[in-house]
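Heads up: numbering here begins at 1 and tracks the sequence.
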Amino acid sequence: VQLLASGGGLVQAGGPLRLSCTASGRTFIDYAVGWFRQAPGKEREFVTAISRISSTTYADSVKGRFTISRDDAGNTVYLQMNSLKPEDTAVYYCAARESRGFSGATYYYTAVNDYTTWGQGTQVTVSS
């Protein structure tokens, strides 16, 4: 599967932005998906993840402001970001890994090394 992240841009603090992660090559239905971000000079950090059956988890820093969702028919995972802060400025990456089987359907993954496929990243800049 190949991933294309899009939707980044410049937004004022307090504003919303929605990122998309679109898969090609294979259907998304067998994959758990995550979003990570990397600010200049910092390590890539976990933002949120979603399992095949749409169980979700969030980093504390974005909980209550960001929402991840998936549209398997459209092969797309979304990241709705509200109440954006300057500290949310980063390159945002989506990532995916196969998570098959009955038990695998419930899993989401939070570590960079959990994922096998990465998109190219999309820049999000929040001005104060």
Side-chain angles (χ1 to χ4, degrees):
V1 67
Q2 294 82 44
L3 304 178
L4 177 65
S6 62
L10 174 64
V11 62
Q12 286 191 332
L17 205 60
R18 189 176 80 160
L19 305 184
S20 300
C21 177
T22 302
S24 62
R26 289 189 62 179
T27 178
F28 239 168
I29 199 168
D30 290 329
Y31 289 79
V33 179
W35 285 96
F36 292 75
R37 65 187 181 187
Q38 189 166 17
K42 295 189 176 181
E43 292 188 351
R44 193 167 298 188
E45 66 174 5
F46 170 75
V47 176
T48 180
I50 189 166
S51 74
R52 284 171 48 209
I53 59 169
S54 294
S55 300
T56 60
T57 187
Y58 297 89
D60 287 343
S61 59
V62 306
K63 203 171 293 184
R65 300 187 298 122
F66 290 11
T67 303
I68 188 172
S69 61
R70 63 189 299 154
D71 172 13
D72 287 332
N75 261 8
T76 302
V77 168
Y78 299 101
L79 178 60
Q80 178 66 45
M81 305 185 294
N82 297 327
S83 303
L84 281 161
K85 305 175 181 180
E87 50 264 44
D88 294 318
T89 295
V91 177
Y92 283 71
Y93 298 89
C94 62
R97 64 163 285 163
E98 282 193 280
S99 190
R100 295 194 177 188
F102 180 77
S103 60
T106 65
Y107 294 166
Y108 44 67
Y109 304 90
T110 61
V112 169
N113 291 339
D114 286 333
Y115 290 90
T116 56
T117 303
W118 291 81
Q120 86 289 0
T122 184
Q123 176 71 47
V124 172
T125 303
V126 184
S127 63
S128 56

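Applying the salt bridge (Lys or Arg N to Asp or Glu O under 4.0 Å) criterion to Asp72, with sequence neighbours excluded, gives Arg70. Under the rule for a side chain to side chain donor-acceptor pair (under 3.5 Å), the partners of Lys63 that lie at least two apart in sequence or sit in another chain are Asp60. Taking Thr67 as the reference, Tyr58, Gln80 meet the side chain to side chain contact (heavy atoms under 4.5 Å, CB included) condition, with sequence neighbours excluded. A search for side chain to side chain contact (heavy atoms under 4.5 Å, CB included) contacts involving Glu45 returns Arg37, not counting sequence neighbours. By the side chain to side chain donor-acceptor pair (under 3.5 Å) test, Thr76 pairs with Thr22, sequence neighbours left out.
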Please set out all donor-acceptor pairs under 3.5 angstrom arising from side-chain atoms of residues 6-20, sequence neighbours excluded.
none

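How far OH of Tyr107 is from CG of Asp114: 12.0 Å, rounded to the nearest 0.5 Å. Note: Ile68 CD1 to Phe66 CZ = 11.5 Å, rounded to the nearest 0.5 Å. The structure places CD of Gln120 at 5.0 Å from CG of Leu4, a figure rounded to the nearest 0.5 Å. To the nearest 0.5 Å, the span separating CD1 on Ile50 from OG1 on Thr57 amounts to 11.0 Å.
Hydrophobic clustering (side-chain heavy atoms under 4.5 Å, transitive across Ile, Leu, Val, Met, Phe, Trp, Tyr) keeps Leu3 apart from Val91.
A distance-only check finds no donor-acceptor pair linking the side chain of Thr122 to the backbone of Tyr92 [under 3.5 Å].
Relative ring orientation between Tyr109 and Tyr115 is described as perpendicular, the plane-to-plane angle rising above 60° on a 0-90° scale split at 30° and 60°.
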